[in-house]
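Down below is the structure, laid out as structure tokens.
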There are 2 protein chains.
Amino acid sequence: MSKLRSAPTLDDVARKAGVSTATVSRCLNAPDRVVEATRKRVMSAVDTLGYTPNFAARVMAAKRSFTIGAIIPTMENAIFARGLQAFQEELHQRGYTLLVSSSAYRPEVEEEQIRTLVARGADGLLLIGHDRDPKIYDYLERQKVPAMVAWSYIPNARAPSIGFDNRQAMQALADRVIGLGHTRIAMISGFSQGNDRARLRIEGVRDALRRGGLQPDALTVVETSYEVESGADAFAQLMSQNPRTTAILCGNDVLAAGALRQAQNMGMRVPENVSITGFDDIELAQIVSPALTTVHVPHREMGGKAALELVEMVEKSIPGSTIRLQTDIVERHSLGPANKS
Amino acid sequence: MSKLRSAPTLDDVARKAGVSTATVSRCLNAPDRVVEATRKRVMSAVDTLGYTPNFAARVMAAKRSFTIGAIIPTMENAIFARGLQAFQEELHQRGYTLLVSSSAYRPEVEEEQIRTLVARGADGLLLIGHDRDPKIYDYLERQKVPAMVAWSYIPNARAPSIGFDNRQAMQALADRVIGLGHTRIAMISGFSQGNDRARLRIEGVRDALRRGGLQPDALTVVETSYEVESGADAFAQLMSQNPRTTAILCGNDVLAAGALRQAQNMGMRVPENVSITGFDDIELAQIVSPALTTVHVPHREMGGKAALELVEMVEKSIPGSTIRLQTDIVERHSLGPANKS
DNA sequence: TGCTACTTTGTAAGCGCTTACATTGAAAAT
DNA sequence: ATTTTCAATGTAAGCGCTTACAAAGTAGCA
């Protein structure tokens, strides 16, 4: 009783309950493989000792961690929050723990995080978007860690994905903008380098321009970081470049919120003087005023299905399927008809 | 060469480089304890094998994980985002990895997460606020895992904290509101049960009322969840209860944003008809219009200092000190003088 | 009663690392 | 030339768990 007390181990519990360590282990992991009386005795020993199993030891011995890793580009804004929340809830249901880290949109950081998560024994990984160095996929394959991509839908890519067609979704929105008579259109996008979602959304706008009989190459695109501030700056820049622009499509709601604020600061009315659209339909889209016309993404559905699919991949060692989700345009008040200037 | 290739281990590297496992381990963890030539040989073996150390094994052997855990109440909105970002950056600098999980403001969930993080070998923990079952602090002490509290400042509590005086900060803001002639004041707060920050902010308003010669008990407080929607609902409820209310103080910016939206939906002008204030000064406060008058919290400073302090506690096994940060009122446009109705 | 077929529990071999301690050999000191 | 000192490396004992396999006990059945 006088020895320095450190955290109790399985051994301590076993001794206290008068059974072997194997039995204690079974009580914890497969209770029905142990008879009621013994189990009770063990559990009470666990309680009085305040025993918590050592995770590292468990992972090592079992070569399973019941942990899924997710690497998202940013936590600074809520773009991935809701989807991740659903992902995590679904995982929790199935007995898995989620480990999240953010890469700040930096590929090197993402790569490092992937290695860290794998080294930590993650049973599977959730990644955002497909664009990344192929050797990362090689690595994952070698390590036999299944990975699933979300927020993107590209069939036959290196990893299965669950998401939506970014290009088509943005095209639909741009069609609508053009349908309202806008011809002098500009775009504020996130950096498209290494970001298939951003890249495809730009393409989507070009598609719509083409379909609408407009010159796709004439589209001015400012690429910037996904921050409110950047959206504001980009808007100012675009407007000084071409003051006659009547519609600005933004790569996501955060950029749109920034653009909107800047428009108001510059004394412009939205949508009377200029229309602004977003993408994602995060909470922010409804908070700003006028509320943003944007593309609604089924965040929770995406997160939930990604979890299901990934757990399947992990538990049954199957390849995992690629699923396409629907998006739709939600019309609010930041997009209006083009006014003849 | 034909055997099933699984992830390479330290042993494989050692064999390939023709040294002992101890040497390989030293190359990785204390490169200067190994002579240049050997190190090079080892490193190249590491490279060609694509070796990644097994984290669980390392934690087990070293009884250190270089991992810090943080449990925040929510990731759904950006309240903790910026502070956490700074926390993580500072940790990274010092060679630590951050593991984040969210408790959804549920004490049982928080407790479970704490156990999980400890079992995972976290070297230290960051917790939000002081209010929690004392037995959790006992547990942490028994497990010898240092913990630091942030977003709160309470000297001589069970854990050291780095934060601000929620009560005083809110009082200062309420003073200002009262100074503008408001007498029919209401408050929208987060649930105060188990949340010292919410509780103290309410007290702060009462203090100000008292100091201003008003009846502190007459303050109507609606407690709700920290969501935009809830803020909106609470606003509607408050206004139907007492339509003559001229100022509504909100427990944070998210609630304020909801209240603001609802006010506008109800056709009221802010701040002409009703004043609304926030707390935290997250990005959102500047995005809504009118921009919120709110209490600015030094998020990044708090996160950074918390990291420094916690790392000290972990590495030097010292108790850790409690630090108080300053907050200040940022006047924007949602608070105006009371109008005589 | 003797045998088979289970069910319940125990034994012990790792899992992949770190690190205290032992060993070696060469430079520095005498 | 001999001893001391120290830097570089190796040896091997765990860290706390899981699980294949073995052992023991219990029940069913002819």
Side-chain angles (χ1 to χ4, degrees), chain A residues 4-43 45-46 49-67 115-116 118-121 123 143-144, chain B residues 4-43 45-46 49-67 115-116 118-121 123 143-144:
Chain A
L4 183 68
R5 187 177 284 313
S6 94
T9 71
L10 237 211
D11 249 336
D12 299 330
V13 177
R15 207 166 312 123
K16 177 134 204 163
V19 298
S20 75
T21 60
T23 302
V24 179
S25 176
R26 282 190 280 256
C27 278
L28 268 26
N29 303 308
D32 34 301
R33 299 195 16 55
V34 130
V35 85
E36 168 104 17
T38 325
R39 199 189 326 145
K40 264 191 178 154
R41 202 143 36 89
V42 170
M43 287 316 193
V46 165
L49 257 35
Y51 167 76
T52 317
N54 178 310
F55 186 75
R58 191 212 285 269
V59 171
M60 232 179 112
K63 294 159 166 299
R64 278 294 301 282
S65 68
F66 281 97
T67 294
R115 286 182 185 275
T116 301
V118 169
R120 275 193 141 77
D123 294 335
Q143 301 274 343
K144 306 201 197 329
Chain B
L4 183 68
R5 186 176 284 311
S6 97
T9 72
L10 238 210
D11 250 334
D12 299 329
V13 177
R15 206 165 314 121
K16 177 138 204 161
V19 298
S20 75
T21 60
T23 300
V24 178
S25 174
R26 282 190 281 257
C27 278
L28 268 27
N29 304 306
D32 33 302
R33 298 191 25 48
V34 134
V35 85
E36 167 104 19
T38 323
R39 199 189 326 147
K40 263 192 181 151
R41 203 145 34 89
V42 171
M43 287 316 193
V46 165
L49 257 35
Y51 167 76
T52 316
N54 177 310
F55 186 75
R58 190 212 285 269
V59 171
M60 231 178 112
K63 293 157 164 303
R64 279 294 302 283
S65 68
F66 281 98
T67 294
R115 287 183 185 276
T116 303
V118 169
R120 275 190 141 73
D123 293 335
Q143 301 275 344
K144 304 201 197 334

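To find a chain, count down the sequence lines: A is the first, B the second, and so on, and within it residues start at 1.
Residue-level contact check: A:V59 touches neither bases nor backbone, having no heavy atom under 4.0 Å from any strand. If you check every strand for non-hydrogen atoms under 4.0 Å, A:S25 touches a base. No engagement by B:F55 is indicated, since no non-hydrogen atom pair under 4.0 Å with the nucleic acid exists.
Bracketed by its first and final contacts, the part of DNA chain C lying under 4.0 Å from non-hydrogen atoms of chain B reaches from C:dG16 to C:dT19 in 5' to 3' order.
Partners of A:S20 under the side-chain contact (heavy atoms from CB on, under 4.5 Å) rule, at least two apart in sequence or in another chain, are A:A22, A:T23.
Comparing A:P8 and A:R26 against DNA chain D, the residue whose closest nucleotide sits nearer the 5' end is A:P8. Each of B:A62 and B:R33 has a nearest nucleotide on DNA chain C; the 5'-most of these lies closest to B:A62. Toward the 5′ end of DNA chain C lies the nearest nucleotide of A:A61, the other residue of the pair A:A61 and B:V24 mapping further downstream. For the pair B:V34 and A:L10, both in contact range of DNA chain D, the more 5′-proximal nearest nucleotide belongs to B:V34.
With contacts defined as side-chain heavy-atom distances shorter than 4.5 Å, the pair B:N54/B:T9 does not qualify.
Looking only at distances, no side-chain donor or acceptor of A:R120 sits under 3.5 Å from a matching main-chain atom of B:F55. Remark: the backbone N or O of B:R26 is not paired with any side-chain donor or acceptor of B:N29 at under 3.5 angstrom.
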| Stepwise, does the side chain to side chain donor-acceptor pair (under 3.5 Å) test hold for A:D123 with A:S65? | CA-CA 6 Å; A:D123 294 335; A:S65 68; 3.3 Å; yes
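When the shell of 6.0 Å around CZ of B:R33 is examined, it contains 12 or fewer heavy atoms from other residues, nucleotides or ligands.
We find the CG-OG1 distance between A:D12 and A:T21 to be 11.5 Å, quoted to the nearest 0.5 Å. B:M43 contributes atom CE, which lies 12.0 Å from atom NZ of B:K40 (distance to the nearest 0.5 angstrom).
Residues of residues 13-22 of chain A having a heavy atom closer than 4.0 Å to DNA chain D, listed by number: A:A22.
Shown here for A:A7 and B:Q143, the closest heavy-atom pair between the two residues is CB-OE1, 3.4 Å.
Phosphate proximity of D:dT9 to B:T23: absent, as no side-chain N or O sits under 4.0 Å from OP1 or OP2.
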